[in-house]
Amino acid sequence: MSNNFHLERAILLLSDESSKSAILEVLPIHHNLVRVVIQNGWETDARSILLAELKKIGQHLPVEWVRAVASLRDSETYDLLRNYFVNGNNRANTYMEIQRFPIEDLPAAVAEAWEKSKYDQGYNRISMAVIALQYGHLDALEALVESLASGGPDSYWMIQEARPAVLQYTGFKGSNKELKSWFEANRSVLKFDSEKKKFVVDTKD
């Protein structure tokens, strides 16, 4: 179903209450139909299916799947969403959906998710590093600085997403190469100021 764009589009346009049971029946197989569920406000009706599939860590679900579960605003789902954030394949988008929820010890969940993302490639690693940066993880800053300086295949995305985050959380102004030099010179004395939400050079010790 994921490659049948036109069919999915037609279902989105034509679906109504009369087609709900048929769509929910095939939802565990055709995950992209979750968009139909959201469009029609069927999240509560699909609750058991949404939660059952979210528990199957390892499969890649559309971001709309997490959005549908999050829209339930059900505290019973928080542990499940936290687990999917830490162990799933769509960490950055999952975080965007759950960051405002009263999930127990979200900073610890971010630390776990970042630890699991350190050895990923491309977008998955960098997008999680941007999140970990907000929680003061120095190795996340290092990963972003190295990626910016390398000018690799993700350089366009890095300029658009990662560089603004690095500058926001360091206050540094300069080129990517200058940023790398600054980081290497100050790495051992960089501390995260939780009040200012910035990495600062701390030479007090």
Side-chain angles (χ1 to χ4, degrees), residues 1-132 134-135 153-154 156-157 160-161:
M1 181 69 72
S2 60
N3 295 322
N4 297 330
F5 171 80
H6 296 293
L7 179 57
E8 290 177 10
R9 184 65 180 164
I11 294 173
L12 277 168
L13 291 172
L14 299 173
S15 62
D16 57 24
E17 195 68 21
S18 66
S19 56
K20 178 167 66 175
S21 60
I23 289 171
L24 294 184
E25 183 178 350
V26 298
L27 183 59
I29 302 170
H30 301 299
H31 291 151
N32 282 344
L33 288 179
V34 72
R35 295 169 186 139
V36 180
V37 171
I38 292 173
Q39 174 182 277
N40 290 284
W42 296 339
E43 293 92 337
T44 300
D45 300 286
R47 185 181 191 278
S48 61
I49 300 169
L50 294 171
L51 300 190
E53 292 301 299
L54 198 66
K55 289 177 182 177
K56 298 177 183 177
I57 300 298
Q59 65 179 336
H60 186 86
L61 294 169
V63 64
E64 291 89 352
W65 199 281
V66 175
R67 191 170 299 147
V69 174
S71 73
L72 295 170
R73 299 284 172 173
D74 182 348
S75 60
E76 293 182 6
T77 68
Y78 291 170
D79 284 346
L80 184 57
L81 286 165
R82 184 193 190 282
N83 186 54
Y84 187 75
F85 166 55
V86 171
N87 298 298
N89 296 319
N90 207 353
R91 294 188 182 105
N93 286 324
T94 301
Y95 177 80
M96 295 303 293
E97 297 298 329
I98 70 172
Q99 60 180 316
R100 294 181 180 85
F101 285 2
I103 291 177
E104 186 175 356
D105 205 0
L106 186 57
V110 169
E112 292 177 53
W114 168 233
E115 187 64 33
K116 290 178 179 291
S117 299
K118 285 181 184 179
Y119 304 105
D120 288 346
Q121 299 297 318
Y123 174 82
N124 288 336
R125 177 171 180 261
I126 297 306
S127 61
M128 191 60 227
V130 170
I131 294 169
Q134 302 168 37
Y135 289 80
D154 295 321
Y156 176 78
W157 180 83
Q160 297 297 314
E161 303 290 337

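Applying the side chain to side chain donor-acceptor pair (under 3.5 Å) criterion to R125, with sequence neighbours excluded, gives no partner residue. Taking N83 as the reference, N87 meet the side chain to side chain donor-acceptor pair (under 3.5 Å) condition, with sequence neighbours excluded. Scanning for salt bridge (Lys or Arg N to Asp or Glu O under 4.0 Å) contacts around E97 gives R67, with sequence neighbours left out. Residues meeting the side-chain contact (heavy atoms from CB on, under 4.5 Å) test with N93, sequence neighbours left out: V63, N90, Y123. In this structure, the side chain to side chain donor-acceptor pair (under 3.5 Å) partners of E53, at least two apart in sequence or on a different chain, are H31, K56, Q59. Shown here are the side-chain contact (heavy atoms from CB on, under 4.5 Å) partners of S117, two or more places apart in sequence or in another chain: R91, W114, D120, M128. By the ring-ring contact (aromatic ring centres under 6.0 Å, His included) test, Y135 is found to be paired with no residue, residues two or more places apart in sequence or in another chain being considered. Partners of F85 under the ring-ring contact (aromatic ring centres under 6.0 Å, His included) rule, at least two apart in sequence or in another chain, are Y95. In this structure, Q99 has no side chain to side chain donor-acceptor pair (under 3.5 Å) partners at least two apart in sequence or on a different chain. Residues meeting the salt bridge (Lys or Arg N to Asp or Glu O under 4.0 Å) test with D79, sequence neighbours left out: none. Applying the side-chain contact (heavy atoms from CB on, under 4.5 Å) criterion to E112, with sequence neighbours excluded, gives R82, V86.
Counting only residues at least two apart or in different chains, salt bridge (charged side-chain N to carboxylate O under 4.0 Å, His left out) contacts with residues 22-34 are absent.
Shortest non-hydrogen contact noted between N89 and N124 is O-OD1, 4.3 Å. In plain terms, the two heavy atoms of W65 and L50 that are nearest each other are NE1-O, 3.0 Å.
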